[in-house]
Amino acid sequence: MIFSKKLITWYLQNKRSMPWRETNNPYPIWLSEIILQQTKVAQGLPYYMSFIEAFPTVFDLAKASEEEVLKLWQGLGYYSRARNLHVTAKHVADNLNGVFPVTYKDLLLLKGVGDYTASAIASICYKEAVPVVDGNVYRVLSRYFNIETPINSAIGVKQFKALAIQLMDHDDPADYNQAIMEFGALQCRPKKPDCFICPLCDSCEALKKGNVERLPVKLKKIKVKKRYFNYLIFYTKNHQTIISQRIGNGIWQGLYEFPLIESDTINKDTIVDHPVFKQVVENDEYEIVPYYSEPVVHKLSHQHLYTRFYVIKIDGLIKTNETQKKINTKDIRKYPVPILLSNFIDVFFK
DNA sequence: AACCCGGGGTG
DNA sequence: CACCCAGGGTT
């Protein structure tokens, strides 16, 4: 039996049951694909369920505010996915009568839909013979054919894509694409794949050569940057505090946070002299207390954030600028915030 | 081509 | 601690 048929046979016997596998409607398929980018099924599934419940159709999602979408997305990470999801929902609802594009080429034009996602939707919903090449596919192909080309090099991307086109079942692209991904997720796992019960073990080149654990090859490891965050949690007698929305190009774009002083070092002695503090507090009627004795370390893929939380009790008034919002502390959970701050809020505003 | 973007799970 | 995850966008 040929490669694709073996995979499909394995898939039909071993596939997990998932809500988005019950339909060919592009809306839930698209939604699930965006949520599952760089995200495991176990982590993304509860988010998928709440999105489908809150926004059963693309029109419901289009009608929502960006803040509502970000709030539902809170904790899932890579927040540009949520913003692009919303942009595309509005585009499909307003300009396309709620009808998603039906070809790989046209799907690619949607914000947040790249080569992988366009291929997934086109093949699953419309049976277009375009191969998905995700992390699972790179792993399965590099092992089965013992290919050592780095999967994140330009040449590697072309090589694996060409191989994927050649291998795919052109008569059943929907099952084939899901089969090879499911196979990579469950059988040909990154660590400790169970090669002894693998349906492809007789013809797997990496297994023959003892290379399974070394493949796929990936170039460079990322360097982690250290940053030092000092959050100011103002707290007045009538339970007001200040938050502001992150803008620009950095992390957590669109999410809210407390007034932030970032420093180059672990240093913590200049808070009350800093312009951000002085802009809010004009007199000496305050008490400032670090909430933890040690910084909270929050680890992102490319950054480690050493974070201090300063609780500042104010007797008088607090002043906000244009970028800040004065809110009642009981409303704090209405705003989308990073997990780092969500954790603090759960402890401090309990 | 290089860099940026989260949070959680695994060994 | 290193690595990975149903990747995509920007420069």
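Since the model is a prediction, treat every value here as computed from it, not as a measurement. Order of the sequence lines sets the chain letters (A, B, ...), proteins ahead of strands, with each chain counted from 1. Excluded from the calculations below are hydrogen atoms, water molecules and symmetry mates; all remaining heavy atoms, backbone and side chain alike, are included.
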Participant: Tell me whether the OP1 or OP2 atom of C:dC1 has a side-chain N or O from A:K299 closer than 4.0 Å.
Facilitator: yes
Participant: Quiz question: by atom type and distance under 3.5 Å, do the side chains of A:T103 and A:Y126 form a donor-acceptor pair?
Facilitator: no
Participant: Of all the choices, C:dG9, B:dG6, C:dA6, which nucleotide is nearest to the side chain of A:E182 once you look at every atom?
Facilitator: C:dA6
Participant: Would you say C:dG7 has OP1 or OP2 under 4.0 Å from some side-chain N or O of A:Y138?
Facilitator: no
Participant: Between C:dC4, B:dA1, C:dG7, which one does the side chain of A:A154 approach most closely?
Facilitator: B:dA1
Participant: Under 4.0 Å: is that the gap between some side-chain N or O of A:Q38 and OP1 or OP2 of B:dG8?
Facilitator: no
Participant: Among C:dT11, C:dG7, C:dA6, which is the nearest nucleotide to the side chain of A:N136?
Facilitator: C:dA6
Participant: Ignoring hydrogens and geometry beyond distance, is the side chain of A:Q43 in donor-acceptor contact with the base of B:dG7 at under 3.5 Å?
Facilitator: yes
Participant: Taking atom types as modelled, is there a side-chain donor on A:Y335 or A:Q245 under 3.5 Å from an acceptor on the other?
Facilitator: no
Participant: Of all the nucleotides listed (B:dG7, C:dG7, C:dC1), which has the minimum atom distance to the side chain of A:I339?
Facilitator: B:dG7
Participant: When you measure from the side chain of A:K191, which nucleotide among B:dC5, B:dG11, B:dG7 comes out closest?
Facilitator: B:dG11
Participant: By nearest heavy atom, map A:K192 and A:V337 onto DNA chain B; which one lands nearer the 5' end?
Facilitator: A:V337
Participant: Rounded to the Å, how far apart are A:L300 CG and C:dC4 P?
Facilitator: 19 Å
Participant: A:K225 has a side chain; which of C:dC4, B:dC4, C:dA6 sits nearest to it?
Facilitator: B:dC4
Participant: Output the single nucleotide from B:dA2, C:dA6, B:dC5 whose closest atom is nearest the side chain of A:K220.
Facilitator: B:dA2
Participant: Determine whether any donor atom in the side chain of A:S301 lies under 3.5 Å from an acceptor atom in the base of B:dG6, or the reverse, and answer yes or no.
Facilitator: yes
Participant: Does A:S32 have a side-chain nitrogen or oxygen under 4.0 Å from the phosphate oxygens OP1 or OP2 of C:dA6?
Facilitator: no
Participant: What's the separation between atom CZ in A:F145 and atom CZ in A:F3, rounded to the nearest 0.5 Å?
Facilitator: 5.5 Å
Participant: So does A:H302 get a side-chain nitrogen or oxygen closer than 4.0 Å to the phosphate oxygens (OP1/OP2) of B:dG6?
Facilitator: no
Participant: Can you measure from CG (A:D115) to CG (A:L107) and round to the nearest 0.5 angstrom?
Facilitator: 11.5 Å
Participant: With respect to the side chain of A:K40, which nucleotide from B:dG11, B:dC5, C:dC5 is positioned closest?
Facilitator: C:dC5
Participant: Can you say whether a donor on the side chain of A:R21 sits under 3.5 Å from an acceptor on the base of C:dA6, or the other way round?
Facilitator: yes
Participant: Working to the nearest 0.5 Å, report the span between CG of A:L219 and CG of A:N152.
Facilitator: 4.5 Å
Participant: With a 4.0 Å cutoff (strictly under), does any side-chain N or O of A:W20 reach OP1 or OP2 of C:dA6?
Facilitator: no
Participant: With a 4.0 Å limit, can you tell me whether A:R139 has a side-chain N or O closer than that to the phosphate oxygens OP1/OP2 of C:dC5?
Facilitator: yes
Participant: As a test of reading the structure: which of C:dG9, B:dG7, C:dC4 is closest to the side chain of A:P338, going by heavy atoms?
Facilitator: B:dG7
